Amino acid sequence: MKKRMNGYLLAGLIITCTILVVALIGTFWTPYSPTAMQYGKFQAPTLAHLFGTDHFGRDIFSRVLKGTGTTLFIALLTVGIGAVVGTFIGAVTGYFGGVVDDVLMRFNDALTAFPSILLALLIISLLGPGKKYNVILALGIVFIPSFARVTRTAFASLRDTNYVTSARLMGAGNARILLVHLLPNVLRVLLPAFTIGFNNAVLAEASMSFLGIGVTPPDASLGYMLSEAQGMLKAGPWYAIFTGLTIVLLVFGVGLLGEGMQAAEKGVE
Amino acid sequence: MKYIFKRIGLLLITMILVSFLTFLAFEIVSGDPVRNMLGTDASPAQIEALRQELGLDKPFLSRYVSWLLGFFSGDLGRSFSYKQPVWELISSKLVITLALSLISFALIILVSIPLGVFSYQWVGGPLDGVRTAFNQLCMAVPPFFTGILLSWTFGVILKVFTPGDFPGFAKDPGGSFVHLFFAAICLSIPRIAMTVRMMRSTIVDEMNKAYVRTAISRGNNRWSVLTRHVLKNSLVLVVTFLGQTLAELVAASIVVEQVLGIPGLGRFLVASISHRDYPVVQAIVVILAFWVVLAGTISDIVNRRIDPRLRLGGEDE
Amino acid sequence: MLEVRDLHIRFLNRDREAVAGISFTIKDGEIMGLVGESGSGKTVTAMSIAGLLPRKQCEFSGDILLNGQDLLHAERKLLRSMHGKDIGVVFQEPMSAMDPLMKVGEQVGEVLRIHTDLSKEERREKVLQVMREVELRDPEAVYEKYPHELSGGMLQRAMIGAAIVIEPSLLLLDEPTTALDVTIQAQILELLKRLNRERGISMLFISHNLNVVRKLCRRVAVMQRGKLVELGETEEVFFHPLHPYSKKLIDAIPTRDKKQTEP
């Protein structure tokens, strides 16, 4: 008996959806312009400026709204690249097996063993630092191996089931079996992997931007804002605190979502 | 003994492969470092002179081979931007980063193993859900945010240490340790949470195995089933996980070093990437790759001690 | 010596009772067989006698008395003091029933470590002695081996040794030969017969294979869907089965090599 809903899933959904909605609003409308420098420097949080203002007199709440959107955009695209390419590799290696499988998976293992931040740094240093799409590409490449491994296992375990054999006997081609019969089943393992990957992407992007080799102005992600905030820690710690807490909340919400999915899969509360 | 040789061989092959790939990657994508260094208005003669000085006029393969030979004789090349031997630039930073990683690693082991066992005791209890949520929360805290919070509370308000002013081991070993310890806390919080989580689920899995029933049928109580049988069996996975953690710590410390102003390898790596100082990047990447493989080797050796099945084939001892 | 009276067990997530009111007794020094196919409730019965029933997950009633002591309702602590000491258990698959990371000798001596004050050397002496008794060749070497280094037959001998090292009142054997091949199976049965003859250990032998039970047990109980459908002298049941289900089991004998595993 599987339980579809559980506490983690519910809490995760609420947090994640709230942030998604807020970020979506932030892309189109913010209470103040996130880049206007006219609201007085270093103001502590008030009703007018919920999160206070920064060293240029910008409204931090508006900046966080906008920055959350940027972070989400980068993270989703990144994980998207990783998931799509990874699933493709996983399908090819898991379903067909053989030499391609051996070679690709060895290579995959070697890549996974390598710390992801380091790999991303390396790719960024090749592509050129400080550009948004380079960050997305670099992180996307870094996330391919983990998705490939997860989906490969799923494809390989499904390959020999009666269900696939019968589809083959009925004359379905490889492409049809992969797309129509296997992919929906693989989604089950892909979703939790997607939440983990998403969180890693948020944290990795934040790290990159924090280091100054990720997103650069006029784009501002939460990580980039945190590195700005660090400079004004003495005069206005609220900038760092609110920005940091937003990252924590985002990652926490998606983490709970993943936890909930795994719990639902196992059928335990 | 044979096993050790095999591992060392693997280590060498990995490093040669990694260094070749990074070398090749930089060769293909890098653009012209000389033009970067001299600016756009340099004369062709100047550029040619610098190319010769840096050895860039030679073909790719011969440069790689001479770099490789140099590497194994302790010469890591010269930095483009500092015009100094790379080894001189990075050796003291390497020590700091390694110290930071090892302190964090010790912290992770000391905290997460007892906590993992403890959290198993909660499985199925009323607080289990709260614990899981708290665990997820700790995993969500990025080290650089903890770093900012710590440098605000302990640096700005309590003035226990001065962020950005790392005293250095020679001058003030105690102060340096405090500095590194704060950085280690930042690094270890999410990793402790991950380790606890994976320990808990490993122990739960092991508890469902048949040998546990045998142990109970012999009169073991819950505690001695755990300590005498299950823990040791869980350890193999935990050690592998910790090995990966040890490998990742060095890379993860890059960001924390930046926050707390610790002059380690990470900060220097980031600066060198920004300046496109490839000899430095190359050397650091190869050293870190060495570290990654080394961490894997250590966890393998430890696991062979724990699990006799991994020693099959009589390669060991 | 062992008396089971009107035992009922139902798992909380099931409607049907796993054990639906069974009663039988085992006399001192007797080997009793318990036969039934998988899902008949024989393993649940055995586990409840061994005190290994997951009590939180089921409802139960009735009595299981071992030398007058109630096992079914006994407190955890009391049960623990009887585990291994009064009841020894041998499980189906020796390879998975043994801790893969503990030396075989230590596992055989575990009961001694828990229930006696013997020193390490004395325990070792006893373990080597019992290993000889269950006909393990070269016990000194076997003592130092890990489970994966021994064959299934050797492991099962070691498991039997571990279960009798402290002379329990009852030895529970849950399909101990099912996972072994036929020649080893015969050897293990011979060993059990000898132990019963020489040391007078009472045994409850559980199997889905009536032919194996026939070689070992004087009396046999046949279970189907949680109920005892037949109980009597083995030969009697074998040649004049009263219940159609027993007949079915006997007819199934030629296909005994078809290995069935309990869930």
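Keep in mind that this is a model prediction, so the values were computed, not measured. Below, all heavy atoms of this structure are taken into account, side chains as well, without hydrogens, waters or symmetry copies. First the proteins, then the strands, lettered A, B, ... as listed; each starts at 1.
The heavy-atom pair separating A240(A) from I148(B) by the smallest distance is CB-CG2, 3.7 Å. Between F144(B) and S207(A), the shortest heavy-atom distance links the atoms CE2-OG, 3.5 Å. Considering all non-hydrogen atoms of both residues, L203(A) and P142(B) come closest at CD2-CB, 3.6 Å. Scanning all heavy atoms of the two residues, the minimum distance from V248(A) to V141(B) falls at CG2-CA, 4.1 Å.
Taking 4.5 Å as the heavy-atom cut-off, none of the residues of residues 11-22 of chain A approach chain B.
Residue Q136(B) touches chain A through both its backbone and its side chain, counting heavy-atom pairs closer than 4.5 Å. Interface remark: I254(B) contributes backbone and side-chain atoms alike to the contact with chain A (heavy atom separation under 4.5 Å). For a residue to count as touching a neighbouring chain, one of its non-hydrogen atoms must lie under 4.5 Å from one of that chain's; by this rule I241(A) touches chain B with backbone and side chain alike. Only the side chain of V281(B) comes within less than 4.5 Å of a heavy atom in chain A; its backbone stays farther off. Neither the backbone nor the side chain of L119(A) comes within contact range of chain B; no heavy atoms are under 4.5 Å apart. In this structure, the portions of A289(B) lying under 4.5 Å from any heavy atom of chain A include both its backbone and its side chain. For R267(B), no part lies near chain A; criterion is any non-hydrogen pair under 4.5 Å.
F145(B) is not listed as a side-chain neighbour of T243(A), based on a closest heavy-atom distance of 4.5 Å or more. Counting only heavy atoms from C-beta outward, the side chains of T132(B) and E259(A) approach each other to under 4.5 Å.
At most 12 non-hydrogen atoms from other residues, nucleotides or ligands lie less than 6.0 angstrom from CZ of F154(B).
Note on V259(B), V250(B), D128(B), L149(B): by heavy-atom pairs under 4.5 Å with chain A, the leading option is V259(B).
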